[in-house]
Number of protein chains: 2
Amino acid sequence: MNEPLLEDFEELNNELVSVFNNVMWIEEAALKQSYFSDITLKDMHTIDAISMYSEKSASQVAKIIHLTPSAMTTAIDRLVDKGYIERRRSNTDRRVVRLGLTHKGRVVYRAHQGFHRDLTHNLLDNMQPSEAETVKRAIHNLVSYLANVIKQ
Amino acid sequence: MNEPLLEDFEELNNELVSVFNNVMWIEEAALKQSYFSDITLKDMHTIDAISMYSEKSASQVAKIIHLTPSAMTTAIDRLVDKGYIERRRSNTDRRVVRLGLTHKGRVVYRAHQGFHRDLTHNLLDNMQPSEAETVKRAIHNLVSYLANVIKQ
DNA sequence: TGATTTATTTCGATAGTCAAACTAATTTTA
DNA sequence: TAAAATTAGTTTGACTATCGAAATAAATCA
């Protein structure tokens, strides 16, 4: 590994750690205080993976959020009971369960997207367009690196 | 909120979401495959909060990682049993439990720090010093924003 | 000293996870 | 085309982490 690019590499590193450690529980806490206090952040990620228009199967969603099939089933049960998502057996292959958001599900989904947009806006606060491009490149670096780690 | 700074704001936003959603489970998976497969990522965060030289009390650590006192007790039990941390009653106030890392604890702590340093290095991959400063400013924006959200 | 506060622990209940066994639907193969 | 294998999802049982309430013990206040 070559020389650090920043004198205060450690400071950046610590801030990054703090972001990772805090974002999760802030989302969790925000959910608890909201109108949607009956779901956890993990539930939220399930809803997010199902998303708006896709009609994904249960196993596709399980793969996205890294749950075993059995855990996926109970997670779906929970969210169906609470009225956030719907189960529909596929007509073309009656083994598969297609998942979709209910009206209530679409409302939380959009609220959660709003939270993430706020994060992104704040990330770019006070940046010139060219600087914003640099930030984008940095985040893209991270995505590529993580994708690489996953593959191995 | 003013105009987006990037034409492809959405793309950046999506990548940021993907980073948040993936970092956690990658850390989790990395732990499972490692020599330290007997601890979870949450355990790792406890170890991280205790850190190297501080001698924090149980309730201080609980506050940092947002656990209730009772959950903190059992989390400590777990990590003591597995040999990662040590409990010492304070001499000046015998109600308080001071926590410290064992040798094994310090080893995982450093390994985990290494993981985060890799992330930071990759974030800055192919950046000029001035660009690295911009990235640093962006992350700092995020930290400030999150700190602000916490306060409310 | 007696009452109150503080730090931690114990206990009972609950929720989410996994692995293994199972059901039902579809595809392969002989 | 009937039997075997595969695939998608569910059920069950065991386990773990969490919480809230009550208990314990030490320190501080009045």
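Hydrogens, waters and symmetry mates are skipped; everything else that's a heavy atom, side chains included, is used. Chain letters run A, B, ... following the sequence lines, proteins first and then strands; every chain starts at 1.
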To the nearest Å, give me how far apart [atom1] ([X]) and [atom2] ([N]) are.
| X | N | atom1 | atom2 | value |
| --- | --- | --- | --- | --- |
| Lys32(B) | dT17(C) | NZ | P | 11 Å |
| Lys82(B) | dA17(D) | NZ | P | 6 Å |
| Ile85(B) | dT8(C) | CD1 | P | 12 Å |
| Leu99(A) | dG9(D) | CG | C1' | 11 Å |
| Arg95(A) | dT27(C) | CZ | P | 6 Å |
| Ile76(A) | dG16(C) | CD1 | P | 14 Å |
| Arg94(B) | dT24(D) | CZ | P | 18 Å |
| Leu67(A) | dG9(D) | CG | P | 13 Å |

Taking only N and O in the side chain of [X], is any of them less than 4.0 Å away from OP1 or OP2 of [N]?
| X | N | value |
| --- | --- | --- |
| Ser59(B) | dT8(C) | yes |
| Arg78(B) | dT18(D) | yes |
| Thr68(A) | dC18(C) | yes |

Looking at Glu86(A) and Arg98(A), is there a salt bridge between them, counting it only when a charged N and a carboxylate O are closer than 4.0 Å?
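Glu86(A) and Arg98(A): not salt-bridged.
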Lys136(B) bridged to Asp8(A) by N-O distance under 4.0 Å:
yes
Across the strands shown, which category fits [X] at heavy-atom distances under 4.0 angstrom: base, sugar-phosphate, nothing?
| X | result |
| --- | --- |
| Thr73(A) | base |
| Ser70(B) | base |
| Ser57(B) | sugar-phosphate |
| Arg89(B) | sugar-phosphate |

Which nucleotide in dA27(D), dC19(D), dG9(D) has an atom nearest any side-chain atom of Asp93(B):
dA27(D)
Of the listed nucleotides (dT12(D), dC19(D), dA8(D)), which one gets closest to any side-chain atom of Ala71(B)?
dC19(D)
Kindly determine whether Leu41(B) and His45(B) satisfy side chain to side chain contact (heavy atoms under 4.5 Å, CB included), including the steps that lead there.
CA-CA 6 Å; Leu41(B) 182 56; His45(B) 287 157; 3.8 Å; yes
Centroid-centroid distance, His121(A) to Tyr145(B), less than 6.0 Å:
no
Please tell me which of Lys42(A) and Arg87(B) maps to the more 5' nucleotide of DNA chain C, matching each residue to the nucleotide holding its nearest heavy atom.
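The residue mapped nearer the 5' terminus is Arg87(B).
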When you measure from the side chain of Asn122(A) to the backbone of Asp118(A), do you find a donor-acceptor pair of N or O atoms at a distance under 3.5 Å?
yes
